Amino acid sequence: MSSHEERPEAPDGFVALPAPTAWPLVLAFGLLLIFLGVVTSAAISLLGLVLAVSGGIGWFGEVLPQERHELISMEAHEFAPKSTYRAVSRIHIDAQHRAHLPVTTPSVTAGLKGGVAGGIAMIVPATLYGLIAFHSFWYAVNLLGGAGVADWTNPTMAQITHFRLSALVTAAVIHAALSLLVGLLYGATLPMLPRHPILLGGLFAPLLWTGVLHASLSLINPFLDQKIHWVWFVVSQIAFGMVAGWVVAKQAHIRTQQYLPFAARVGLETPGLIAERHQEGLDQRTESGEEGR
Amino acid sequence: MADSTLPVDRPMELPGDLPGEQPGFTWLETLHTWVTTVDHKKLGLMYIGYALIFLLVAGVEALLMRVQLMVANNHFLSPEVYNRLFTMHGTTMVFLVGMPFIIGFANYLVPLMIGARDMALPRLNAFSFWMTALGGFFLYYSFLGAVGLQGAGSAPDTTWWGYAPLTERAFSRGHTMDYWALALVMSGIGTIGAAVNVIATVFCMRCKGMTLFRMPLLVWLNLTTAGLILVTISPLTAAQIMLLIDRYLGGHFFDSQAGGSPVLWFHFFWIFGHPEVYVLVLPAFAIANEVIPTFSRKAIFGYPAMVAASAGIAFISLGVWAHHMFTVGMSAPGNAFFVLSTGLVGVPTGIKIFNWIATMWGGKIRFTVSMMFAVAFVAQFLLAGLTGIMLSMAPWNWQLHDTYFVVAHFHYVLVGAIVFCIFSGLYYWFPKMTGKLLSERLGKWHFWLFVLGFHMTFDFMHIPGLLGMPRWIYTYQPGFGWEKWNILVGVGAFVQGIAILLFSFNMVRSYLKGAEAGPDPWDAWTLEWATSSPPPPYNFAIEPVVASRRPLWDQKHPEDPDWRYE
Amino acid sequence: MSALAAPAPPHAGSDRRAPSRGIVAMLAVIVAESAIFAIFVVAYVFYIGKSLSGPTPRQVLEIPYFNTVCLLSSSITIWLAERSLKRASTRSATRSAMRAFTAWWACTALLGAIFLAGTALEWRKLIYQDGLTVRTNLFGTTFYSLVGLHASHVIIGLIMLSFVLIFALTGKLHPQHRHRVEVLALYWHFVDAVWVVVFTVVYVIGR
Amino acid sequence: MNWRKVLRPEVFRLPVGLLAGIGLAGGRCLAQSAGRVAVKSQTIFAPHSGPAHLIEQLSYFVLEITGAIFAVVGGLLLFVVVRFRRRPTDDAAEPPQIYGSTQIELAWTVAPVLIVVVLFLTAARIIFAIETAPIPPSSLHVDVVGHQFWWEFRYPGDGFVTANELHIPVSGPETDRVSDLRILSADVDHSFWAPELFGKIDTVPNQTNRLTFDPDAVGIYYGQCAQFCGTAHAQMLLRVYVQTPDDFAAWVANQRRPAVEDPAVAAGRQFFESQSCVSCHTIRGSSAHGLYGPDLTHLMSRDTLASGIIPNTPSNLKRWIHDPQSIKPGAKMPAMQLGDSETDQIVAYLSTLK
Ligand code: HEA
Ligand code: HEA
Ligand code: CUA
Ligand SMILES: [Cu+2]
């Protein structure tokens with residue numbers, strides 16, 4: 001590595017270190033005086049310029065044609081670090097497991113898939129409600145996507161039941177973002193939850209969520225809060241949860257990848273540094289494969 | 001550069017041993033070794049010492065302000081003096097205390113932690129220090145040298161934001177703003193130099209086996225910070241140059257008379273100003289990242305996530321600056337965008353807090369003073385972050401902006417997080433730097449007094465903010481219910497002052513007659529503990545080779561080394 | 001005690017070649033410089049067409065084609081110079097390769113100087129003929145600042161280039177100094193690249 | 001008024017909000033006690049207009065959410081610190097080493113994102129509701145101009161100018177009158193703010209900002225400049241007088257009249273007009289047309305002098321004219337070096353400008 005490449009060879013018992021020098025200070029002081037001259041008088045700036053130039057030239061002299069080093073005497077001692085802690089305890093999950101919490105997990109994509117499926121499923125009861133109660137396909141979309149805001153503060157019934165592009169876009173963005181996030185969260189927490197993931201995620205979580213929304217929707221989106229039919233809302237939420245849970249549960253679980261180095265897991269590959277490390281990572285994988293599991 | 005093949009045509013000096021640390025040397029020679037040094041450890045110590053001095057100076061400025069605000073309609077300070085005090089206090093604390101502290105720690109620790117003998121560019125390192133240091137003295141010279149609006153002797157007095165057009169010639173005659181701008185350009189050059197150096201060191205000087213993902217988190221965070229500095233301090237420097245062009249050459253960048261836009265300055269300042277606060281806080285996180293695992297006796301939880309979160313914070317922080325400008329009159333979509341981006345900064349920050357808690361979880365926590373400061377930091381930073389979230393809700397910000405609620409928020413981070421981490425780091429590495437342990441008994445007094453003072457000052461400071469007390473006011477009328485809180489706040493500031501005095505005493509006393517530290521007093525795991533305290537000029541006689549993130553752990557527990565699992 | 005004896009785990013990490021610290025540092029400097037330029041460019045763009053009084057860019061600016069060609073081709077000549085130096089360090093024909101280096105390097109410096117002279121002439125015209133100064137209007141302020149910032153970088157580059165040229169002419173420069181020359185060349189490429197941005201903003205978009 | 005129709009009156013409460021208690025309940029009690037004990041109040045927790053109400057609701061919502069986060073995370077931290085501290089009974093082994101867990105980390109990444117999204121949706125709705133609220137034709141238009149250390153209020157519809165004390169009509173269910181202000185600056189940045197009526201909005205040179213609100217209760221509301229603007233920034237106070245429609249109409253009628261001409265103080269008037277006062281001040285109907293200082297045409301209709309610093313009494317007026325800097329250091333009005341009797345004459349004249 002460069003750190004030893006650059007140093008000139010030093011005789012035994014010595015080490016070559018960069019030699020101390022005052023030139024950087026002279027340069028800095030020169031710049032200070034230049035600046036000070038700007039607020040006081042040009043003469044000071046001139047002095048500063050002289051100092052700065054000589055500082056710069058002096059600095060050049062330090063590094064040209066080669067960096068100046070000084071020799072420092074060095075005593076080499078072996079150092080054997082010791083700890084007062086004599087042993088390391090382990091978490092006992094099973095005999096060969098040391099440090100990686102859940103052993104298997106639904107993959108991240110499983111959660112996302114669940115979220116997507118749930119999000120699509122949820123559209124059905126929501127739209128159904130609009131169709132049944134108001135004979136409109138767009139009612140639910142418009143409620144979510146912007147009625148009650150700014151120039152659309154008090155839409156008429158006709159307006160809410162008819163297509164409006166901005167509302168569709170807003171609603172789609174909100175709905176997609178929330179579905180994906182909830183799916184992700186769901187996928188991530190599933191392995192940590194006790195049994196009955198579908199019951200928990202499909203029934204209990206939606207009820208909790210609806211409760212929270214019921215309490216806070218008047219502020220988040222008061223118009224939606226006024227117009228919403230809570231039974232249908234709960235039904236939609238449960239539809240989301242059931243479908244998402246079902247999809248996530250259907251996905252194959254994969255083993256935790258904790259033991260791979262970060263770079264390997266992310267799949268970072270850039271020439272030079274990484275290539276070799278990747279190689280090394282592969283070695284270690286087989287290595288810990290034998291040792292750890 | 002690898003001119004290894006070049007023959008050594010220059011004889012090497014043979015001073016042999018260290019002047020200044022030998023009994024036979026005069027103080028002048030000692031001074032000479034410090035002034036001409038290019039050693040990263042000496043420079044690191046100089047940065048830290050310099051920051052400590054300015055902490056006292058700016059702290060005294062804060063105390064004077066608090067005395068003035070203790071009662072309504074006070075006449076202790078004139079408005080001119082008060083305005084200079086808060087401007088100098090803010091500027092000093094950010095540029096001459098916070099920055100030197102973090103750069104000092106980076107300078108001292110990064111080479112040691114990656115097993116190098118020095119920084120990559122030792123002479124640039126010295127130059128950067130002197131630029132920062134002289135920039136600070138230049139700023140303070142304005143107290144004597146600047147002829148301001150009110151006659152002789154005057155310092156910058158337009159807040160550390162320096163909002164245009166108040167800083168233009170038309171409204172700030174005299175030279176105070178020139179001192180301010182030039183001083184910040186100077187120390188800015190120093191800071192950028194230091195950042196360049198950290199980056200080059202990390203990329204080029206790592207010892208054998210020290211891959212990027214085996215670097216201690218402290219090194220990672222300082223690398224991130226250095227990268228952030230490059231794109232953060234530079235805009236400030238650019239904006240200051242524009243201001244100087246306006247003031248000296250008659251330009252119109254921020255001159256509203258000629259169609260110039262003050263809002264441009266607001267943007268430029270906050271494009272610097274917001275990431276700057278993360279420049280300050282990331283190295284503070286870095287300290288906690290070393291202290292918390294050591295005293296919990298556990299590896300850091302989620303190392304890759306911590307790295308990613310730091311990068312995430314640095315990245316997102318570049319896109320949130322206008323949350324300081326919600327009241328400037330941005331469009332509704334603009335405001336909404338900055339609400340969202342600001343909120344998202346909370347996510348990687350949250351990851352860090354959760355990971356620290358998870359690191360402590362299941363550990364055997366040793367409450368040394370260093371660890372106490374680190375734990376207090378986590379708690380306080382949590383609260384401070386949450387008040388940040390409140391401020392980021394644009395409509396609420398229209399009420400809270402420029403009140404003492406904001407002042408309370410940012411002191412909660414700047415003092416409650418950064419200063420606490422710096423104390424934590426000083427208790428942790430003082431033994432390495434000097435070879436002496438700091439007294440734990442005095443340290444506990446220091447800790448509890450400082451916690452008490454901190455909470456008295458900055459908890460209660462939120463309340464006058466909610467009651468409508470704006471910042472930057474040297475006086476106020478009675479009857480708004482602010483008085484009682486201001487008394488508490490003022491008393492708290494003095495308690496902090498006493499705690500800091502105690503700390504200074506602790507440092508001096510422990511340096512003179514503290515207990516010997518030995519190379520590894522905390523039973524820690526990173527490379528700096530693998531050499532004597534203080535380390536020799538060459539750091540390591542034999543250049544280390546590492547196989548994992550915790551090389552000393554591997555040695556201490558050969559039956560269960562990390563390299564098997566990483 | 002002063003050093004950690006090497007532990008001996010398997011695969012302790014192979015000995016990589018670390019990147020040159022000069023190059024890394026220069027890249028970092030370039031990032032910082034880019035940020036400075038970015039701010040000046042933003043200010044320029046923000047104020048396009050906002051001046052309260054004349055002259056406007058359209059009235060007074062002429063597109064400096066010749067200048068631009070000179071500066072951009074200096075990037076090529078400096079690359080050729082670098083290549084010669086590299087050859088000098090590997091080939092037996094060191095003497096002639098060094099001579100080629102000196103020639104290309106001198107070319108680069110010359111082209112840079114021509115560019116600078118061109119800018120000086122442009123400014124002279126603007127100041128004395130069109131009466132445009134920093135004080136005139138927003139255009140003047142932003143124009144001189146941005147172009148001047150770039151020119152100051154060219155000046156610094158030229159000073160460094162001439163140092164190397166002097167060393168080369170006096171025979172003090174050896175192929176082993178290649179890596180330092182590379183660092184300087186990197187800076188010069190950056191100055192050229194910035195000109196592309198400045199050119200686009202000032203003479204294409206801004207006109 | 002539209003936003004009142006938008007919002008439901010009941011303030012919702014999450015059960016967890018209780019946990020936020022310390023900050024939140026504390027804050028509210030404080031706000032109330034301050035309101036009760038103090039003569040005047042400038043708190044953000046006593047809203048008296050549509051936007052101010054909306055902001056207050058948002059603030060409680062955010063306080064509850066952040067309070068809940070604080071309770072959970074802070075509780076966790078407390079638990080960990082107590083539960084996992086080293087005890088004398090511990091064995092001499094290092095605890096089990098845990099390097100991380102992607103699942104857990106994923107979970108605590110996504111959950112905050114969700115919270116942020118919810119907060120964002122709420123804030124965004126309120127931003128749009130306040131910033132893009134329609135301005136009904138019946139609105140009152142006023143131009144607010146920030147000056148170094150005082151406020152100028154121009155009523156373009158009625159053609160008069162006043163200073164430091166803004167008068168507007170109340171907007172109740174019967175009288176729907178929104179105040180629509182244009183916010184301008186004459187020199188540097190200031191920030192216009194009366195917390196009980198509206199959030200602050202900066203006055204920025206070369207930029208026109210807009211502020212609309214509907215005050216819902218009659219009274220005097222306090223505020224002050226919130227952006228540092230120079231030496232006397234701390235003394236750049238302001239007041240908003242929200243009046244019944246009748247009171248407001250009477251006030252407007254008075255302001256529209258040119259200055260009172262009282263022959264009893266003709267000497268004072270003449271002296272005033274001979275001084276350089278006229279280059280900075282305007283008194284409509286006299287030869288004073290200065291625009292640098294406050295309009296003095298109806299000086300006596302104001303309760304305070306020098307932007308809310310001192311009550312408008314003859315003795316204060318005399319002190320002010322004698323030496324403004326001793327009352328408001330940094331104010332842009334110089335001490336005019338007048339003799340005692342000359343000052344008295346001017347004060348006598350100004351005192352007639354009802
Ligand atoms: C080190 C310094 C530091 C840090 C780290 C922060 C962090 C944050 N700050 Fe702060 N801030 C300052 C220093 C800092 N700030 C300073 C100096 C000023 C004023 C300058 C001046 O005016 O002079 C300021 C001003 C300031 C303002 C402008 C106020 C105003 O003038 O009107 C705002 C507004 O949005 C803000 C917001 C935030 C946010 C959202 C964070 C976030 O990064 C906080 C993130 C942390 C958390 C949120 C807590 C932990 C997270 C969790 C437990 C996860 C769950 C949480 C959620 C889902 C929300 N800050
Ligand atoms: C790292 C940054 C940092 C730190 C550590 C501090 C620390 C403190 N700050 Fe500072 N502050 C800022 C950064 C910081 N501040 C910034 C950026 C601003 C904005 C400026 C602006 O608006 O332009 C600001 C503004 C600011 C204000 C607002 C002024 C105004 O707007 O009117 C106040 C008011 O109380 C204040 C107080 C304090 C106090 C009491 C401390 C205390 O924690 C200080 C404790 C230290 C000491 C007390 C000194 C040590 C003790 C001695 C030297 C011994 C002597 C003591 C005794 C005899 C008791 N600060
Ligand atoms: Cu006007 Cu502050
Ligand atoms: Cu910020």
Side-chain angles (χ1 to χ4, degrees), chain B residues 1-3 5-6 120-121 124 192 195-197 199-201 203-206 208-211 226-227 230-231 233-235 237-239 242 245-246 249-253 258-261 264 268 271 519 527 530-532 535-536 540-548 551-552 554-555 561 563, chain C residues 1-40 42-43 46-47 50-53 89 133-138 140-142 144-145 148-149 174 176-180 182-183:
Chain B
M1 288 133 282
D3 356 53
T5 46
L6 209 63
L121 307 157
L124 176 65
I192 293 175
V196 167
N197 217 338
I199 291 177
T201 306
F203 278 114
C204 308
M205 306 288 284
R206 279 169 289 131
K208 240 186 182 170
M210 178 72 74
T211 59
L230 294 184
V231 293
I233 304 288
S234 319
T237 307
M242 290 179 186
I245 289 176
D246 276 11
L249 306 179
H252 309 293
F253 278 112
S261 166
L264 198 64
F268 288 168
I271 283 173
L527 279 181
T531 182
S532 53
F540 305 97
I542 305 166
E543 288 188 48
V545 178
V546 301
S548 78
L552 267 65
D554 293 353
Q555 295 227 313
W563 50 261
Chain C
M1 60 189 71
S2 53
L4 176 65
H11 317 293
S14 46
D15 201 4
R16 294 155 292 118
R17 256 191 70 81
S20 144
R21 61 201 163 110
I23 299 282
V24 172
M26 182 48 79
L27 286 175
V29 170
I30 287 176
V31 171
E33 292 267 26
S34 310
I36 294 186
F37 273 105
I39 292 296
F40 275 86
V42 166
F46 183 83
Y47 283 136
K50 295 231 172 72
S51 294
L52 298 184
S53 60
S89 64
T133 65
V134 177
R135 323 176 84 98
T136 313
N137 57 13
L138 280 170
T141 305
T142 51
Y144 287 110
S145 309
L149 186 68
H174 301 286
Q176 291 91 331
H177 288 114
R178 192 173 89 231
H179 296 281
R180 297 184 188 189
E182 266 172 24
V183 174

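Everything quoted here is computed from the prediction, not taken from an experiment. So you know, we letter chains A, B, ... as the sequences are listed, proteins then strands, and number each from 1.
- Between B/Val196 and B/Leu230, the closest side-chain pair of non-hydrogen atoms falls below 4.5 Å.
- At a 4.5 Å heavy-atom cutoff, the contact between B/Phe268 and chain C is made by side-chain atoms alone.
- Distance check: C/Met26 CE to C/Glu33 CD gives 8.5 Å after rounding to the nearest 0.5 Å.
- Heavy-atom distances place both the backbone and the side chain of B/Leu249 under 4.5 Å from chain C.
- C/Thr133 pairs by the side-chain hydrogen bond (donor to acceptor under 3.5 Å, both in side chains) definition with C/Thr136, not counting sequence neighbours.
- In this structure, C/Tyr47 and B/Phe253 have tilted ring planes: the angle between them lies in the 30° to 60° band.
- For C/Val24, the side chain to side chain contact (heavy atoms under 4.5 Å, CB included) partners are B/Ile199, B/Ala200, B/Phe203, B/Cys204, C/Pro19, not counting sequence neighbours.
- Residue B/Thr201: no heavy atom, backbone or side chain, is found under 4.5 Å from chain C.
- When the candidates C/Val31, C/Leu138, C/Leu149 are compared by the number of heavy-atom contacts under 4.5 Å with chain B, C/Leu138 comes out ahead.
- Considering only heavy-atom pairs separated by less than 4.5 Å from chain C, the leading option among B/Gly227, B/Ser261, B/Ala195, B/Pro535 is B/Ser261.
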